[in-house]
Amino acid sequence: MALKESKFSHCLYYTTNVLSRKLTRMAEETFSPLGLAPTYAYLLMTVNNQPGIQPGQISDELELKPSTVTR
């Protein structure tokens, strides 16, 4: 993968967001055979590893909004 130099490369906010987008793309590709978004796959793995876990605990553990967990 070739690196492109940007005039914003020195900015931590910019480079962190670039990395986040690339990691999101990789995670989406990895979980696509399951037909799940990465967030939902991690939610299911959490519930599978901790049967009976409450939505509020899932929300805290995965750092998601409670509405995302209950949806």
Side-chain angles (χ1 to χ4, degrees):
M1 176 171 22
L3 296 175
K4 286 196 286 184
E5 186 67 29
S6 167
K7 63 182 177 180
F8 303 114
S9 294
H10 66 282
C11 175
L12 183 59
Y13 175 78
Y14 174 82
T15 55
T16 301
N17 278 294
V18 170
L19 177 61
S20 177
R21 287 190 300 274
K22 289 182 183 203
L23 289 173
T24 297
R25 223 173 291 125
M26 289 172 60
E28 288 171 346
E29 290 171 8
T30 300
F31 287 108
S32 68
L34 300 174
L36 294 172
T39 301
Y40 296 116
Y42 282 108
L43 189 144
L44 288 174
M45 288 188 284
T46 300
V47 171
N48 189 49
N49 289 330
Q50 300 177 54
I53 190 171
Q54 298 298 309
Q57 294 169 303
I58 296 170
S59 176
D60 290 341
E61 186 166 326
L62 297 180
E63 298 190 28
L64 297 170
K65 292 183 178 182
S67 61
T68 301
V69 173
T70 56
R71 184 172 15 128

What residue pairs, at least two apart or across chains, pass side chain to side chain donor-acceptor pair (under 3.5 Å) with a residue in residues 26-41?
Y40-R71

Please answer: with hydrophobic residues joined when any side-chain heavy atoms are less than 4.5 Å apart, are I53 and L43 in the same cluster?
yes

Donor-acceptor contact below 3.5 Å, side chain Q54 vs main chain G52
yes

Would you kindly say whether Q50 and Q57 are connected by a side-chain donor-acceptor distance under 3.5 Å?
no

Rounded to the nearest 0.5 angstrom, the OG1-CG distance for T24 and N17 is 10.0 Å

T16 backbone acceptor or donor facing S20 side chain under 3.5 Å:
no

Please say whether more than 12 non-hydrogen atoms of neighbouring residues, nucleotides or ligands are located less than 6.0 Å from CE in M26.
no

What are the two closest heavy atoms between S67 and T70, and how far apart are they?
O-OG1, 3.2 Å

Are the side chain of N48 and the backbone of L44 linked by a donor-acceptor contact shorter than 3.5 Å?
no

How long is the span from the CG atom in L64 to the OH atom in Y42, to the nearest 0.5 Å?
12.0 Å

